[in-house]
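The figures here come from the full heavy-atom set of this structure, side chains too, leaving out hydrogens, waters and symmetry mates. Proteins come first, then strands; the chains are lettered A, B, ... in the order of their sequence lines, and each starts at number 1.
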Number of protein chains: 2
Amino acid sequence: MATVSRQETAAREAWGLLMELAFANKSRFIAAMAEFDLTPALGHVLRLLQPGKPLPLNDLAVALHCDASNVTGLVDRLEARGLVARQPGERDRRVKELVLTPEGLSVRTQVLDRMGTPPEGIRALSAADQRALRDVLRRALGRGQ
Amino acid sequence: MATVSRQETAAREAWGLLMELAFANKSRFIAAMAEFDLTPALGHVLRLLQPGKPLPLNDLAVALHCDASNVTGLVDRLEARGLVARQPGERDRRVKELVLTPEGLSVRTQVLDRMGTPPEGIRALSAADQRALRDVLRRALGRGQ
DNA sequence: TATTGTTATACTCTATAACTATA
DNA sequence: TATAGTTATAGAGTATAACAATA
């Protein structure tokens with residue numbers, strides 16, 4: 001047989017590099033959230049809570065891919081900080097909806113800006129490389145043309 | 001002034017897509033490690049422990065970007081499972097080095113193979129896209145030509 | 001004095017199970 | 001009966017501080 005077994009394909013290497021980039025960014029992300037006195041998990045809650053769109057706690061649990069019991073504690077902490085508020089659901093009295101407070105909205109805006117800022121390695125790429133990366137990743141996520 | 005403020009640049013969008021891909025992969029990674037009865041953290045320890053290269057616990061803490069006190073517990077669990085062993089350092093008697101057991105080596109090989117397998121979105125890309133992604137990421141990590 | 005590793009302790013994130021109040 | 005949210009509890013991962021052994 002030919003020399004086939006366990007060769008490093010472009011896909012495998014690309015995936016390894018992508019994970020390396022994401023992993024290297026982990027500390028940076030934790031530090032960025034810490035500037036707002038937030039943990040990564042709390043930052044994700046703020047990210048998912050869109051302004052003007054009350055979010056049932058159950059939907060939040062689904063979006064976070066975690067158990068509903070987990071959400072209680074996360075929301076408790078954000079509420080104690082005055083960043084979010086629980087309000088009763090409109091139709092179903094079992095439901096509690098989460099909304100941003102004015103300060104929560106302000107913090108969220110800053111947090112999203114920070115989260116979305118690419119690390120140095122990406123920023124240093126040529127404009128053509130940045131576009132190529134964007135286009136390939138769009139296709140990888142099923143959003144290509 | 002021209003329309004400049006807060007436009008979505010290619011770099012920002014690429015970074016957002018990259019994080020989305022990494023985040024979507026998180027559950028997949030946890031599930032893959034669980035097949036070996038490992039948590040992600042324990043999987044990373046195995047990944048960092050190269051065959052034939054005894055690794056001082058302190059070096060492991062540095063590689064994991066975590067405190068040394070944390071490493072004690074991680075290694076305790078892997079040692080209890082028979083996947084690694086502590087052995088005294090060669091020159092410095094303060095140092096304990098970590099080595100893979102034969103079973104640890106076997107598990108590590110399978111774990112690395114799993115970790116390195118790209119998710120469906122990457123595998124479905126054209127060969128040209130896969131190479132383009134690899135090449136751009138190499139440059140982003142400072143390993144381009 | 002400084003370093004390696006451990007122990008004691010505490011906090012966050014996560015899950016499961018049992019509970020409540022609704023539906 | 002089923003669902004939304006909470007509480008109780010437990011385990012993993014992380015950190016800081018204090019400690020023992022060694023350098």
Side-chain angles (χ1 to χ4, degrees), chain A residues 23 26-49 54-81 83-99, chain B residues 23 26-49 54-81 83-99:
Chain A
F23 187 65
K26 195 180 160 191
S27 308
R28 180 175 164 269
F29 181 58
I30 293 172
M33 291 304 102
E35 286 179 40
F36 303 100
D37 271 303
L38 292 171
T39 58
L42 296 183
H44 283 302
V45 173
L46 285 188
R47 173 176 62 83
L48 293 166
L49 188 53
L55 184 66
L57 296 192
N58 218 6
D59 294 9
L60 179 56
V62 171
L64 288 169
H65 304 296
C66 78
D67 192 84
S69 66
N70 193 8
V71 168
T72 300
L74 295 173
V75 170
D76 281 350
R77 255 165 296 164
L78 288 177
E79 196 168 33
R81 292 267 305 274
L83 302 180
V84 305
R86 286 170 166 101
Q87 68 183 24
E90 308 239 322
R91 281 174 286 283
D92 190 333
R93 276 189 300 173
R94 290 173 302 181
V95 173
K96 288 179 192 168
E97 293 175 341
L98 204 61
V99 292
Chain B
F23 187 65
K26 195 180 160 192
S27 308
R28 180 176 164 268
F29 181 58
I30 292 172
M33 292 303 101
E35 285 178 42
F36 302 101
D37 271 301
L38 292 171
T39 59
L42 296 183
H44 283 303
V45 173
L46 285 188
R47 173 176 61 84
L48 293 166
L49 188 52
L55 183 66
L57 296 193
N58 218 5
D59 294 9
L60 179 57
V62 171
L64 288 170
H65 304 296
C66 79
D67 191 85
S69 66
N70 193 9
V71 168
T72 300
L74 294 173
V75 170
D76 281 350
R77 255 165 295 164
L78 288 177
E79 196 169 34
R81 290 267 305 272
L83 301 181
V84 305
R86 285 170 166 101
Q87 69 183 23
E90 307 241 320
R91 282 175 286 283
D92 190 333
R93 276 188 300 172
R94 290 173 302 181
V95 173
K96 288 180 192 169
E97 292 175 340
L98 203 62
V99 291

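- When the P atom of dA12(D) is taken as reference, atom CG of Leu78(B) falls 12 Å away, rounded to whole Å.
- What separates CG of Leu74(B) from P of dG13(D) is a distance of 6 Å, to the nearest Å.
- Residues meeting the side chain to side chain donor-acceptor pair (under 3.5 Å) test with Glu79(A), sequence neighbours left out: Arg86(A).
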Sequence neighbours excluded and cut-off under 3.5 Å, please list the side-chain donor-acceptor pairs for residues 62-70 of chain A, or say none.
from, atom 1, to, atom 2, distance (Å)
Asp67(A), OD2, Ser69(A), N, 2.8
Asp67(A), OD2, Ser69(A), OG, 2.7

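- Each of dA4(D), dG13(D), dT12(C) was ranked by its minimum atom distance to the side chain of Arg77(B); first place goes to dG13(D).
- For the pair Leu57(A) and Thr72(A), the minimum side-chain heavy-atom distance is 4.5 Å or more.
- In plain terms, the two heavy atoms of Glu97(A) and Gly89(A) that are nearest each other are CD-CA, 4.0 Å.
- Listed by residue number, the members of residues 63-70 of chain B with any heavy atom below 4.0 angstrom from DNA chain C are Ala68(B), Ser69(B).
- Closest approach of Leu78(A) to Val45(A), counting heavy atoms only: CD1-CG1, 3.4 Å.
- Nearest nucleotide to the side chain of Thr72(A), out of dA4(D), dT6(D), dT12(C): dT6(D).
- Counting only heavy atoms from C-beta on, Leu42(A) has its side chain closest to dC13(C) among dG5(D), dC13(C), dA12(D).
- Listed candidates were dT4(C), dT14(C), dG5(D). Nearest to the side chain of Leu57(A) is dG5(D).
- Under the 4.5 Å side-chain criterion, counting only non-hydrogen atoms from C-beta, Val75(A) is in contact with Leu60(A).
- By the 4.5 Å heavy-atom criterion applied to side chains, Asn58(B) and Val71(B) are not counted as neighbours.
- A straight line from CZ of Arg81(B) to C1' of dA12(D) spans 14 Å, rounded to a whole angstrom.
- For Asp59(A), there are no salt bridge (charged side-chain N to carboxylate O under 4.0 Å, His left out) partners at least two apart in sequence or on another chain.
- Straight-line distance from the CD atom of Gln87(A) to the P atom of dG5(D): 12 Å, rounded to whole Å.
- Taking for each of Asp76(A) and Lys26(A) the nucleotide of DNA chain D with the nearest heavy atom, the 5'-most of the two is the partner of Asp76(A).
- In this structure, Asn58(A) atom CG and dT6(D) atom P are separated by 10 Å, rounded to whole Å.
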Item checked: Where protein sits on nucleotides 18-23 of chain C, one letter per nucleotide: B base, S sugar-phosphate only, - none, heavy atoms under 4.0 Å -> ---BBS
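- When the P atom of dC11(C) is taken as reference, atom CD1 of Ile30(A) falls 19 Å away, rounded to whole Å.
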Using residues 26-40 of chain B as the side-chain source, report each donor-acceptor pair under 3.5 Å to any protein atom, sequence neighbours left out, with the distance given to one decimal.
from, atom 1, to, atom 2, distance (Å)
Arg28(B), NH1, Asn25(B), OD1, 2.6
Arg28(B), NH2, Thr117(B), O, 2.6
Arg28(B), NH2, Pro118(B), O, 3.4
Glu35(B), OE1, Arg114(B), NH2, 2.7
Glu35(B), OE2, Arg114(B), NH1, 3.4
Glu35(B), OE2, Arg114(B), NH2, 3.2
Thr39(B), OG1, Leu42(B), N, 3.4

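- Atoms CZ (Phe29(B)) and P (dG13(D)) sit 11 Å apart, rounded to a whole Å.
- Rounded to an integer number of Å, the gap from CG of Leu60(A) to P of dT6(D) is 11 Å.
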